[in-house]
Number of protein chains: 4
Amino acid sequence: MNKKELIVQVAIQVFRDQGIEKTKISDIVKAAGIAQGTFYLYFPSKLALMPAIAEVMVEKTLSIVQETVQDNAPFSVKIEQIIDAIFLVTRDYHEIQALIYSGLASTEHLREWETVYAPFYKWISERLEEAREQGIIRESIYCDRTAKLVIGLVESAAEQIYLYDSEQDDQARVQKAEVNEFLIHALGIKF
Amino acid sequence: MNKKELIVQVAIQVFRDQGIEKTKISDIVKAAGIAQGTFYLYFPSKLALMPAIAEVMVEKTLSIVQETVQDNAPFSVKIEQIIDAIFLVTRDYHEIQALIYSGLASTEHLREWETVYAPFYKWISERLEEAREQGIIRESIYCDRTAKLVIGLVESAAEQIYLYDSEQDDQARVQKAEVNEFLIHALGIKF
Amino acid sequence: MNKKELIVQVAIQVFRDQGIEKTKISDIVKAAGIAQGTFYLYFPSKLALMPAIAEVMVEKTLSIVQETVQDNAPFSVKIEQIIDAIFLVTRDYHEIQALIYSGLASTEHLREWETVYAPFYKWISERLEEAREQGIIRESIYCDRTAKLVIGLVESAAEQIYLYDSEQDDQARVQKAEVNEFLIHALGIKF
Amino acid sequence: MNKKELIVQVAIQVFRDQGIEKTKISDIVKAAGIAQGTFYLYFPSKLALMPAIAEVMVEKTLSIVQETVQDNAPFSVKIEQIIDAIFLVTRDYHEIQALIYSGLASTEHLREWETVYAPFYKWISERLEEAREQGIIRESIYCDRTAKLVIGLVESAAEQIYLYDSEQDDQARVQKAEVNEFLIHALGIKF
DNA sequence: GATGAATGAGCGTTCATTCAT
DNA sequence: GATGAATGAACGCTCATTCAT
């Protein structure tokens, strides 16, 4: 089996279980069932894991969003589904999300993250584009920039809920509704 | 000068200069011109610094916002000014903001942050309340929740710009305009 | 007690006992009865010990030579005494001498050694100068350069004997006699 | 090409380029273009390389000396040529020379080095013998022992020059002249 | 014979924390 | 209160060596 992927997958799991700060490389290799030195064959340091994790996380997020959003649903429903999906991912992985957003993982790898995040931005942007062409949202929207604002808004809203606790179903429901309302107006969605 | 305050002020400065991860307590005490042991007279551990820093940062942010926003300006202008102020703070302190938002500083102190952030949320909420009472924004808005969404939106938008580089004046201008447009619709501002 | 000196003294002892290559920093601190971290207060690395050791070794060598050589002895006897003294030091510290002579201790510290060795060269040079002024050795001698040759010759001769074994009294006696004869002619000593 | 020889040749080269201490086996095999494991088919450990390297170095030194010294030159010229040759080798390989002289490579292999160095001592000894039989040098000389002194003297003189810097042509010229003068008297060369 | 991914014991180094002064 | 030398547990990382292919 591919050891590099194994390390990344296991690292995500261990980070979720015991927190990022407290995770030692020795914890990761133990969980992965490999030798300490093997880690260093694939990653020069603990920090170097981060871009790979970010990539996996974005893939995971995007695929959950894509699974949740129904192609033939009306745009207003799609927005609700996008919100649902992002809240879902945030609930389960907020610690890792936080890491990715914080400038933590040292400046050297920041550049890579831009590319890593690109597919997610692009997908949302395309949905906005579709809606705009169909006249369902206001025309003045710049889809690329707005996609980033939407993702930023929903993720930050979800983080506000899940930062302290993953068990916040009621709070989450209210917050999602509020975000939905917020977005309906922000995007000028017509029904 | 009060040593406790001195330590917090110096710590923020050192964090900005050389990054949070790389900052050792010895760096802070050196910069503060005090002895290693003196630190522990005021803070039981390195982590105990964080709530104090968060408090100062929120005070700083709020006071910048308050200075920027003119009491007698129309609400739409106030929104622009709020955006300007948050972008300004984010540009100068995005690393520390990131720290505060990420779950980084061990869970024991998270609760305190909530209270620490409260004044900022409250102030924005009050401005929304005023506007709603004057019928300048849509009535369906829940001010408390929306205040958090607005702050989350603007901060995440600013972070997208400044994460990689603090010198992004052109990018920032475009992003600010987009956020403004976004908020005008989201809040249903009437002119 | 001065910890820096303690470390150097103990390090020399430990190096002699168990060899330089096999000596870990933990061995040194254990023998010195200090904590691991304390070592790093005084020396940034194992290599950084070397100039300090060299200094002590040269001081030791010079003081043994000075003690052995009688001020009022005839020059030819002084030469014998110098040979005796250098052989003595080499027997007891040949491993450390070897270290000092090899380029081992990484190029960064080489420059310092030149200064460190200077007093020894100088002292020998002065003895040659005296002898030359008294017409006891050939006039064509450049004392400074010749001092280095003499020390190099005698030390290398001693090392040839003690490299493999410190118990070589017979061999040493013959070698010393040969070196003495060699030097008598090289310096053109007159009786 | 014979892999064993290849490894030794490459190792010498890599040692010269990046220093002995910093050279890992992986560097050697990389430079040799062979696999990590292949090294261990020919040498049971890293230390086992040392005698082989010493052998090659002595062969190299001896052959350079033999090439430089002209059979039919007068003995005084031969001495100059020997000095030249040894300075040349020392300039190019002083780090490896240092390794060979220092007790570095664990004691188990020291014995072998004695035998390895023998041919060089023997060759010089034979030249002295010739000269002594022809009455060109003083009769009291023991050629075997003196050969070692001569080699030790010249090598240490060369090391004093090249230890810090390989580019020392002026210094080297003066030092060689001084050594020559020194030897002329030590050996009692008659013209 | 040749390979090179995998190993893991071992070591150097860091740095938050303590405490005698 | 203030100091800063001393501490030592903790961890990152290296690299000689192995072995299944």
Side-chain angles (χ1 to χ4, degrees), chain A residues 1-4 6-7 21-30 32-49, chain B residues 1-4 6-7 11 21-30 32-49 106, chain C residues 1-4 6-7 21-30 32-49, chain D residues 1-4 6-7 11 21-30 32-49 106:
Chain A
M1 186 214 189
N2 183 319
K3 285 255 165 49
K4 191 167 183 173
L6 173 68
I7 291 170
E21 288 293 272
K22 285 172 207 145
T23 299
K24 295 163 269 171
I25 290 186
S26 68
D27 296 326
I28 297 171
V29 298
K30 224 172 284 162
I34 58 172
Q36 189 90 353
T38 306
F39 179 90
Y40 291 92
L41 290 180
Y42 299 99
F43 298 98
S45 74
K46 192 181 168 185
L47 278 179
L49 260 176
Chain B
M1 184 205 199
N2 180 316
K3 284 247 166 64
K4 191 167 184 175
L6 173 68
I7 290 170
E21 286 294 90
K22 286 175 206 143
T23 298
K24 293 165 277 175
I25 288 194
S26 68
D27 296 327
I28 296 171
V29 299
K30 222 172 285 162
I34 59 173
Q36 193 88 351
T38 305
F39 179 90
Y40 291 88
L41 295 177
Y42 299 98
F43 297 96
S45 76
K46 191 185 177 182
L47 282 176
L49 254 180
S106 85
Chain C
M1 187 214 187
N2 183 318
K3 286 255 165 50
K4 191 167 183 174
L6 173 68
I7 290 170
E21 288 294 273
K22 285 173 208 144
T23 298
K24 295 163 273 173
I25 289 186
S26 68
D27 295 328
I28 296 171
V29 299
K30 224 171 283 163
I34 59 172
Q36 190 88 354
T38 305
F39 179 89
Y40 290 92
L41 290 180
Y42 299 99
F43 298 97
S45 73
K46 192 180 169 185
L47 278 178
L49 261 176
Chain D
M1 185 206 198
N2 180 318
K3 285 247 167 64
K4 191 167 183 172
L6 173 67
I7 290 169
E21 286 294 271
K22 286 174 206 143
T23 299
K24 293 165 278 176
I25 289 193
S26 68
D27 296 326
I28 297 170
V29 299
K30 222 172 286 162
I34 60 172
Q36 192 87 352
T38 306
F39 179 90
Y40 291 89
L41 294 177
Y42 297 98
F43 296 96
S45 76
K46 189 184 177 183
L47 283 176
L49 253 180
S106 83

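All values derive from a computational prediction rather than experimental measurement. In what follows, every chain begins at residue 1, and chains take the letters A, B, ... in the order their sequences are listed. All values below come from the heavy atoms of this structure, side chains included, with hydrogens, waters and symmetry mates left out.
The nearest whole Å value for the distance from the NZ atom in B:Lys22 to the P atom in E:dT13 is 20 Å. If you measure from atom CD1 of D:Ile28 to atom C1' of F:dT17, you get 14 Å, rounded to the nearest angstrom. The distance between atom CZ of A:Phe39 and atom P of F:dG12, rounded to the nearest whole Å, is 9 Å. A:Ile7 places its CD1 atom 13 Å from the C1' atom of E:dT7, with the value rounded to the nearest Å. Taking atom CG of A:Leu47 as the reference point, atom P of F:dC11 lies 16 Å away to the nearest angstrom. Atom NZ in C:Lys4 sits roughly 13 Å away from atom P in F:dA6 (whole-Å rounding). D:Leu6 places its CG atom 15 Å from the C1' atom of E:dG1, with the value rounded to the nearest Å. The interatomic distance linking A:Phe43 (CZ) with F:dG12 (P) rounds to 15 Å, in whole Å.
Under the 4.5 Å side-chain criterion, counting only non-hydrogen atoms from C-beta, C:Leu41 is not in contact with C:Lys3.
Mapped onto DNA chain F by nearest heavy atom, C:Gly33 and B:Leu41 fall at different nucleotides, with B:Leu41 at the one closer to the 5' end. Nucleotides of DNA chain F nearest to D:Thr23 and C:Gly37 differ in position, and the one nearer the 5' end is that of C:Gly37. Comparing A:Ile34 and B:Gln36 by the nucleotide of DNA chain E whose heavy atom lies nearest to each, the residue mapping closer to the 5' end is A:Ile34.
Dashed line: the shortest gap from a side-chain N or O of A:Lys24 to OP1 or OP2 of F:dG12 is not under 4.0 Å. Note on A:Lys3: a side-chain N or O is less than 4.0 Å away from OP1 or OP2 of E:dA6. Phosphate proximity of E:dT3 to D:Thr38: present, with a side-chain N or O under 4.0 Å from OP1 or OP2. A sub-4.0 Å separation between OP1 or OP2 of E:dG8 and a side-chain N or O of A:Tyr40 is absent. For the OP1/OP2 pair of E:dA2 and a distance below 4.0 Å, the side-chain nitrogens and oxygens of D:Tyr42 include at least one atom meeting the criterion.
If you check F:dC13, E:dT3, F:dT3 against the side chain of D:Ala35, the one that comes closest is E:dT3. You'll find that the side chain of C:Ile25 is closest to E:dT13, out of F:dA2, E:dT13, E:dA2.
The nucleotide F:dT21 finds its pairing partner in E:dA2, both defining distances of the Watson-Crick or G-U wobble pair being shorter than 3.5 Å.
Between D:Ala32 and D:Leu6, the shortest heavy-atom distance links the atoms O-CD2, 3.8 Å.
The distance from atom CG of D:Asn2 to atom OH of D:Tyr42, rounded to the nearest 0.5 Å, is 7.0 Å. In this structure, CD1 on B:Ile34 lies 4.0 Å from CD1 on B:Ile7, to the nearest 0.5 angstrom. Atoms CD1 and CD, from B:Ile28 and B:Gln36 in turn, are 10.0 Å apart once rounded to the nearest 0.5 Å.
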